[in-house]
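A short write-up of the structure that comes next.
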Amino acid sequence: MDNELSAQLRDLILNTRVPLRIEDFPRDWECFRGLLYEWCECFDKKAAGPPAFERMSLTDCSTPQWERKRTKANMSMQNFLRDYGCLDARHTHWAAYQYKRAHEMPASCLKGIDFSCFGFPDHQNDFTFWLGSEQANTPCHYDTFGVNIVVQVYGSKSWLLFPPETPLQSTRVPYEESSVYCLDNFYAPAADKLPRMMEYSDQAHQCTLEEGDVLIVPRHWWHYVEATACQLSVNYWVPLKDDMDLALDEFLVKHIVESFVKGESEETKKYLLNPNQLEDISATPSELFAHFQQAVQNAEGEEHKRKLWETDYLTESSFRELLNKVPVSIRPVEVMPKEEYKLLLESNSERRQAETATAAAATAESAPISSTLELLISSMCAPRTIAGMKREFFRRMRQGDV
């Protein structure tokens with residue numbers, strides 16, 4: 001890859017205010033030179049055993065398809081392709097092996113992956129794999145840290161994106177350190193919710209990534225992602241200097257959520273925490289604060305070892321000039337026409353009509369806490385609430401109250 005092109009792409013990635021799509025990007029990563037079947041076959045040969053796939057009912061429509069509602073099933077990659085490679089009327093579930101870090105994968109399945117082609121040679125193999133069948137989805141959320149580079153390796157995936165200021169209803173239930181979810185159910189919106197969701201139409205950006213495409217998701221953009229065919233993508237979150245400021249935010253949110261978890265039933269813990277957080281509960285608030293202080297010290301120490309990138313250093317005119325100059329097909333993801341956005345919501349809403357009363361009863365989630373308590377937790381953890389707590393903390397620091 002041309003060094004000048006890599007530098008140009010890096011500048012665009014770090015300065016864009018809207019999502020960017022690169023069509024048919026000329027990458028050559030050795031592990032993906034064959035077909036998806038060959039990559040899966042390689043995985044099966046080198047892995048210690050069959051991986052645990054997530055499975056989710058296609059008719060589970062009452063809420064977003066939270067990770068806590070999914071079941072696990074061990075199967076080989078080749079069996080996944082055989083059983084879920086093409087969904088039809090006989091299928092009752094989607095399946096996915098997703099959010100898997102590089103260290104969880106066989107080395108031969110990573111060979112040649114290098115984000116230096118985008119201007120980031122110091123990625124340290126800190127990238128993530130997302131393999132899933134059609135309709136495998138991630139509930140609408142924004143990533144707490146970084147700018148996201150998504151490479152669509154095989155198949156296709158639809159992205160619905162909204163800018164940070166969109167008034168989606170945020171929630172930290174379920175709590176995950178790296179994500180802020182919203183309560184809007186884009187997989188299967190209820191009919192009575194459609195008018196309110198249509199209020200976001202002026203801010204709804206959409207694109208479908210095809211094999212070879214790349215998507216750049218700017219910091220804190222909301223996104224709902226759904227596979228439109230059996231697919232595999234790889235992403236890398238570019239670490240930013242601005243992320244350092246969020247360490248205190250996440251400490252406060254984690255403390256609040258964990259205060260409602262300690263001493264409670266396993267059912268409550270599994271409801272309030274994302275599965276990957278269940279083994280990360282601090283024993284005491286002082287232990288959590290010690291972890292926070294250590295994380296800040298580590299981050300400050302790591303800054304010289306791992307590059308943290310500045311953002312927003314180009315003027316708008318310089319950015320547009322570079323966007324028109326770079327010798328690849330790259331363009332901003334556009335706002336959807338309002339009628340197309342409406343049709344998307346209505347089409348997804350029809351999934352509820354296909355849900356029988358029996359299926360609805362079987363997939364309905366019984367909350368172990370009251371709706372009032374859940375609202376209280378979400379209100380205490382809301383970004384504006386946390387921002388107010390930070391302002392007060394720093395005001396007291398300046399006055400020497402500590």
Side-chain angles (χ1 to χ4, degrees), residues 9 11-22 64 137-150 157-172 176 178-187 189 193-209 213-226 235-243 245-246 249-250 253 309-320 322-323 330-345 348 378 381-387:
L9 290 173
D11 286 340
L12 290 173
I13 289 167
L14 293 174
N15 287 275
T16 187
R17 304 290 180 85
V18 298
L20 299 175
R21 178 183 180 182
I22 309 175
N137 66 87
T138 305
C140 187
H141 68 287
Y142 68 79
D143 300 320
T144 311
F145 304 112
V147 174
N148 195 1
I149 303 174
V150 183
K157 187 183 278 188
S158 171
W159 287 72
L160 181 62
L161 307 107
F162 302 90
E165 65 272 15
T166 308
L168 298 169
Q169 190 174 359
S170 68
T171 181
R172 296 309 295 263
E176 182 178 36
S178 60
S179 303
V180 177
Y181 290 105
C182 89
L183 294 174
D184 294 279
N185 183 2
F186 287 98
Y187 176 76
K193 303 292 186 184
L194 293 180
R196 183 178 60 79
M197 295 174 77
M198 278 301 299
E199 294 175 6
Y200 313 142
S201 61
D202 291 341
Q203 296 164 298
H205 298 63
Q206 193 276 336
C207 71
T208 298
L209 291 189
D213 290 348
V214 177
L215 180 66
I216 310 303
V217 183
R219 187 172 185 255
H220 290 178
W221 269 67
W222 295 97
H223 47 282
Y224 167 74
V225 189
E226 180 177 332
N235 85 294
Y236 171 60
W237 284 284
V238 178
L240 307 176
K241 286 190 175 180
D242 286 345
D243 293 340
D245 183 52
L246 295 174
D249 299 60
E250 287 306 302
V253 172
W309 295 90
E310 298 276 4
T311 58
D312 302 328
Y313 50 83
L314 292 182
T315 64
E316 185 174 348
S317 59
S318 296
F319 175 83
R320 292 195 174 279
L322 180 58
L323 187 65
I330 179 170
R331 64 177 187 270
V333 176
E334 301 291 344
V335 174
M336 294 182 76
K338 183 173 291 188
E339 189 58 32
E340 288 186 19
Y341 177 66
K342 181 182 179 183
L343 289 174
L344 173 65
L345 293 181
N348 287 0
S378 291
C381 296
R384 69 181 69 180
T385 307
I386 298 299

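All figures in this text were calculated on a predicted structure; none of them were measured in a lab.
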Trp221 (side chain) donor-acceptor with Arg17 (main chain) under 3.5 angstrom: yes
Does a side-chain heavy-atom distance below 4.5 Å link Leu215 with Val217? yes
Of all heavy-atom pairs linking Pro64 and Leu183, the shortest is CG-O, 3.8 Å
If you define the side chain from C-beta out and look only at heavy atoms, does anything of Gln203 sit under 4.5 Å from Pro167? yes
Is any NZ, NE, NH1 or NH2 atom of the basic residue among Arg21 and Glu334 found under 4.0 Å from an Asp or Glu carboxylate oxygen of the other? no
Please evaluate residues Tyr187 and Asn348 with respect to the criterion side chain to side chain contact (heavy atoms under 4.5 Å, CB included), reporting the C-alpha separation (whole Å), side-chain torsions for both, the decisive distance (0.1 Å), and the verdict. CA-CA 6 Å; Tyr187 176 76; Asn348 287 0; 5.9 Å; no
When the ring planes of His141 and Tyr181 are compared, do they come out parallel, tilted or perpendicular, using 30° and 60° as the limits? tilted
Indicate the atoms forming the closest heavy-atom contact of Thr166 with Pro163, along with that distance. OG1-O, 2.8 Å
Roughly how far, to the nearest 0.5 Å, is the NZ atom of Lys342 from the CE atom of Met197? 14.5 Å
Would you call Val180 and Val253 a side-chain contact if the rule is heavy atoms closer than 4.5 Å? no
Report the distance from atom OG of Ser178 to atom OH of Tyr142, rounding to the nearest 0.5 Å. 12.0 Å
Check whether any side-chain heavy atom of Val333 lies under 4.5 Å from a side-chain heavy atom of Trp159, and answer yes or no. no
Main-chain N/O of Asn15 paired with Thr311 side-chain donor or acceptor, under 3.5 Å: no
Tyr341 vs Gln206, side chain to side chain contact (heavy atoms under 4.5 Å, CB included): CA-CA, chis, key distance, verdict: CA-CA 9 Å; Tyr341 177 66; Gln206 193 276 336; over 6 Å; no
Separation between CG (Leu246) and CG (Leu240), nearest 0.5 Å, reads 9.5 Å
Check whether His220 reaches the backbone of Pro218 with its side chain - one donor and one acceptor, N or O, closer than 3.5 Å. no
Within a reach of under 6.0 Å around CD of Glu316, are more than 12 heavy atoms found that belong to other residues, nucleotides or ligands? no
Can you give me the closest heavy-atom contact between Thr144 and Asp243, atom names plus distance? O-OD1, 4.4 Å
Can you name the nearest heavy-atom pair linking Leu161 to Pro19, along with the distance? CD2-CG, 4.0 Å
Before you tell me yes or no, could you show the steps for Ile22 and Leu9 under side chain to side chain contact (heavy atoms under 4.5 Å, CB included), namely the whole-Å CA-CA distance, both residues' side-chain angles and the distance that decides it to 0.1 Å? CA-CA 10 Å; Ile22 309 175; Leu9 290 173; 4.2 Å; yes
Which heavy atom of Ser378 sits nearest to which heavy atom of Arg172, and what is that distance? OG-N, 4.1 Å
Spacing of Asp249 atom CG and Thr385 atom OG1 [to the nearest 0.5 Å]: 11.5 Å
Presence of salt bridge, Asp184 and Lys193, under 4.0 angstrom: no
For the CG atom of Asn148 and the CG atom of Asp143, what is their distance to the nearest 0.5 Å? 5.5 Å
When you compare the side chain of Leu323 with that of Ile330, does any pair of heavy atoms fall below 4.5 Å? yes
Matching residue for Val214 among Ile149, Asn235, Leu209 - test: side-chain contact (heavy atoms from CB on, under 4.5 Å): Ile149
To the closest 0.5 Å, what do you measure between OG1 (Thr16) and CG (Asp11)? 12.0 Å
Under a 4.5 Å cut-off applied to non-hydrogen side-chain atoms, are Met336 and Leu160 in contact? yes
Minimum heavy-atom separation for Tyr200 and Arg196, please, with both atom names. OH-NH1, 2.6 Å
